[in-house]
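Quick notes on the structure that follows.
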Amino acid sequence: MAHSIIKQLEELRELNPLVHNITNLVVMNNTANALLALGASPVMAHSPAEVKNVVEISRSLVINIGTLSASWIESMYQAASHATTIGCPWVLDPVGAGISALRNDALQQLLNLRPTVIRGNASEILALADFSQATTKGVDSTAHSSTALQAAIKLQNSYNAIICVSGEIDYIVSANEIIEVHNGHIMMTKVTGLGCTSSALIGAFLGLRNDTVEETIAGVAVLSLTGELAARTAKGPGSLQMHLLDALYNLDPLTLQRELSIQRYARRD
Ligand SMILES: Nc1ncnc2c1ncn2[C@@H]1O[C@H](COP(=O)(O)OP(=O)(O)OP(=O)(O)O)[C@@H](O)[C@H]1O
Ligand SMILES: Cc1ncsc1CCO
Ligand SMILES: [Mg+2]
């Protein structure tokens, strides 16, 4: 497993892929810096007048609904439909799924455009699988990631997307397998937008080699591991954020080999 991620990271740094982000106003700067530190090239572009042009030149698209409004929905819809049409892989981050009709309606439209990958916290994945049962508080999860595993499997079956549930254990559900990433640190929940960063890093790996499951695992695992490494030396959330960028920049094969904690098994449902 580490071997695949080491190779992918090497390829990513060599290629410096352009990642188109339509993301929220809270995390925009952090996300761009994380992509740069990893070795990708971010572009944040959300005007409806240009998103199709930007999708055309990008390796992948990341759509994050964190600070949604009507004009952003239009941009997201245009970008996602164009990405699906031209075969550009795209990630959906359903921030705050379940908290309002605006978000739920936008998410239903985006789901119908068939994202390649969906990554959310447990509350968001539970809400996406059944909006009528949503008990979301806001953008932070109120549930352990394991409680959303069945919902993730249901979403995978319905939309044929790779589903990631983040939390103490990150789960990645593909058509055939469940992958668990055990890296991470509780302090990461005290820095806003690290789930959003995970979605963006998945975007950075997508499109590298047409193996979307391996690419998704790489994105999730790299963020969780670098967060864990950063937490070891951080005094609190402020320095965690700073150390995370340094950990992404300095991540090397030996550290991946030594520190990754990943399990994968066949789906039995
Ligand atoms: N309880 C935990 N223990 C260890 N690591 C955690 C825990 N919760 C989250 N993490 C780490 O933080 C990462 C982001 O997950 P989280 O579920 O907090 O995202 P999120 O709620 O979508 O965040 P945001 O919306 O602020 O971007 C996970 O992939 C994992 O590495
Ligand atoms: C706090 C917050 N509110 C809307 S988006 C966002 C960033 C984490 O998703
Ligand atoms: Mg989130």
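Everything numeric here is computed off the predicted structure, so don't read it as measured data. Remember, it's 1-based here, ligands and their atoms both numbered in the order they're listed. Only heavy atoms go into these numbers, but all of them, side chains included; no hydrogens, no water, no symmetry mates.
In this structure the side chain of Met28 reaches within 4.5 angstrom of the side chain of His46, judged on heavy atoms. By the 4.5 Å heavy-atom criterion applied to side chains, Thr116 and Val91 are not counted as neighbours. Side-chain contact between Leu68 and Val95 is absent, with no heavy atoms from C-beta onward closer than 4.5 Å. Counting heavy atoms from C-beta outward, Pro42 and Val19 have side chains that stay 4.5 Å or more apart.
With hydrogens left out, the protein atom closest to atom 8 (C) of ligand 2 is Thr192 OG1, 3.5 Å, a heavy atom. Here the heavy atom of the protein found nearest to atom 4 (C) of ligand 2 is Gly66 O, 3.3 Å. Nearest protein neighbour of atom 1 (N) of ligand 1, counting heavy atoms only, is Ile186 CD1, 3.4 Å. Gly167 O, 3.5 Å is the protein heavy atom nearest to atom 30 (C) of ligand 1. Looking at atom 1 (C) of ligand 2, its nearest protein heavy atom turns out to be Val139 CG2, 3.7 Å. Protein heavy atom at the shortest distance from atom 6 (C) of ligand 2 is Val26 CG2, 3.7 Å. Taking atom 9 (C) of ligand 1 as the reference point, the nearest protein heavy-atom neighbour is Thr189 CG2, 3.6 Å. With respect to atom 13 (C) of ligand 1, the closest heavy atom belonging to the protein is Met188 CE, 3.9 Å. At the top of the distance list for atom 25 (O) of ligand 1, counting protein heavy atoms only, stands Val139 O, 4.0 Å.
In the model, Gln108 has no side-chain atom that pairs as donor or acceptor with a side-chain atom of Asn104 under 3.5 Å. Judged by distance alone, the side chains of Arg114 and Thr84 never bring a donor and an acceptor atom under 3.5 Å apart. With hydrogens and angles left out, the side-chain atoms of Asp130 and Ser132 include a donor and acceptor closer than 3.5 Å. A side-chain donor-acceptor contact under 3.5 Å links Gln241 and Asn30.
Under a 4.0 Å criterion applied to the non-hydrogen atoms of Arg119, ligand 1 contributes the atoms 19 (O), 22 (O). Taking every non-hydrogen atom of Ser166 and a distance limit under 4.0 Å, the qualifying atoms of ligand 1 come out as 15 (O), 16 (P), 17 (O), 19 (O), 28 (C), 29 (O). Residue-ligand proximity, Cys196 to ligand 1, at heavy-atom distances under 4.0 Å covers atoms 27 (O). Counting atoms of ligand 1 from 1 in the listed order, those under 4.0 Å from a heavy atom of Glu168 are 1 (N), 2 (C), 3 (N), 4 (C), 7 (C), 8 (N). Each of the following atoms of ligand 1 lies closer than 4.0 Å to a heavy atom of Gly193: 24 (P), 26 (O), 27 (O). Residue contact check: Gly195 has heavy atoms under 4.0 Å from atoms 14 (C), 19 (O), 20 (P), 22 (O), 23 (O), 24 (P), 27 (O) of ligand 1. Within ligand 1, the atoms closer than 4.0 Å to a non-hydrogen atom of Asn121 are 17 (O), 20 (P), 21 (O), 22 (O), numbered from 1 in the order shown. Listed by number with element, the atoms of ligand 2 under 4.0 angstrom from any heavy atom of Cys196 are 9 (O). Close contacts of ligand 1 with Gly184, meaning ligand atoms under 4.0 Å from a residue heavy atom, involve 4 (C), 5 (N), 31 (O).
With a heavy-atom cut-off of 4.0 Å, Asp170 touches ligand 1 through its side chain alone. Contact annotation: for Ser224 versus ligand 1, heavy atoms closer than 4.0 Å belong to both the backbone and the side chain. Using a 4.0 Å cut-off between heavy atoms, Lys190 makes no contact with ligand 1 at all.
Just one of Ile162, Ile125, Val173 meets the side-chain contact (heavy atoms from CB on, under 4.5 Å) condition when paired with Ile118; it is Ile125.
Nearest heavy-atom pair across Tyr249 and Arg13 is O-NH2, 3.6 Å. Lys154 approaches Ala129 most closely through the heavy-atom pair NZ-O, 2.8 Å. For the residue pair Lys190 and Pro237, the shortest heavy atom distance occurs at O-CB, 3.4 Å.
At least one heavy atom of Leu194 lies less than 4.0 angstrom from ligand 1.
Counting non-hydrogen atoms of neighbouring residues, nucleotides and ligands closer than 6.0 angstrom, the CG atom of Asp252 exceeds 12 such neighbours.
Ligand 1 has a nitrogen or oxygen under 3.5 angstrom from a nitrogen or oxygen of His185.
At a threshold of 4.0 Å, the pair Arg209-Glu11 counts as salt-bridged, since one of the basic side-chain nitrogens sits closer than that to a carboxylate oxygen.
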